[in-house]
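Since the structure comes first, as structure tokens, the remarks are kept for the end.
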Amino acid sequence: MAPDKDDKKSKKVYSKKITYLRRLIVGSVAASCLIPLCICIILAIRYDRLRSEYEQSRADLEWYRNRFGTEREILGSDGTEVAETEQTKQIDSQPQIDEPGAEENIQYDIDGSEVATDVDEDADDTANVENIEGTRYVYLTFDDGPSSSTDDILDVLKEYDVKATFFVCGKPDSRYTDLYKRIVDEGHTLGMHSYSHKYNVIYESTESFKDDLDKLRRFLNETTGTWSKYYRFPGGSSNTVSKADMKELVQCLNDEGITFFDWNVAGGDATGGATKATIYNNVVNNVPRFKHSIVLLHDSADKMSTVEALPEIIEAIQAMDDTVIVPITDDTLPVQHIKY
Ligand code: ZN
């Protein structure tokens, strides 16, 4: 009986080996199918996300092109927005800044264009630094959003626990709804920058300006539940393209209890070509000149340099003695280029 027993034992071992091999083959086949399938799913999700981001960026850029033509042709190189290509020559009129010392660093040619820019890139030039006592207040303001850059800027502000001010336009597309809400929910100030940002429409007449203002106010209220009380004129209050009397437009704002804000420090990011270093220097070198610095920056779709420069700008400002970064509130002393 011993040979039978051995035979049974060897059959059992053989059967176990067959089972093991079968499982190995099935497992290998399953793995060779599942692993590529998982990779495909992951890649498909990533592709979908990237495509969505790309579509949003493209839509953002399209929005600006519809309003400005190409950024380089339309926006001033000194950080000031201008209206139409034909009108870019001397759109930036002389700012009337309340604070002493502000005008000393600016010289203008006879046509109103700057000879020596108010954006001082020489870090060692302290000759025009205002003698400031007490706390210095810095207001970071972002125009033209929301866009695909706004989330990134909000992330940076959150990381540094800094509140800023966003002068937004009207974008009814649902992709932007959460951005308007996020600005408000995270404690930033929601300002207005016209609904359409089309100079030839909003500055056509006082009535058309009022219509645009009313449309934006209602849109922001429906979107965020708040009424904005702050306004920044596209191109600033000193723009020279408005067919309407700017003082009448200011009166429209006053009638609604709205305060307008220009700026005394420009990041110089209105044009697409500004580098991270340029924006950083424009802001950090000029903020010390003022007790109240209202800093003009942009969060439109093509302003990646602004996003990249922002952390270092915040760190540099926070390192300045007795200096705080705060959002615009009812207590903020406005910087206004035109006197009213
Ligand atoms: Zn603008």
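As the structure lists them, so they are numbered: ligands from 1, and atoms in each ligand from 1. Excluded from the calculations below are hydrogen atoms, water molecules and symmetry mates; all remaining heavy atoms, backbone and side chain alike, are included. Computed from a predicted structure; not experimentally measured.
- For residue His193, an N/O/S atom approaches the Zn ion (ligand 1) to within less than 2.8 Å.
- For residue His197, an N/O/S atom approaches the Zn ion (ligand 1) to within less than 2.8 Å.
- Val201 and Leu253 fall into different hydrophobic clusters, where Ile, Leu, Val, Met, Phe, Trp and Tyr side chains are chained together by heavy-atom contacts under 4.5 Å.
- Put simply, Asp144 gets within reach of the Zn ion (ligand 1), with an N, O or S atom under 2.8 Å from it.
- Screening residues 317-333 for salt bridge (Lys or Arg N to Asp or Glu O under 4.0 Å) gives Lys229-Asp330 as the qualifying pairs, with residues at least two apart or on separate chains.
- Using modelled atom types and a 3.5 Å distance limit, the side chains of Thr275 and Thr278 yield a donor-acceptor pair.
- A donor and an acceptor atom, one from each side chain of His298 and Asp143, are nowhere located under 3.5 Å apart.
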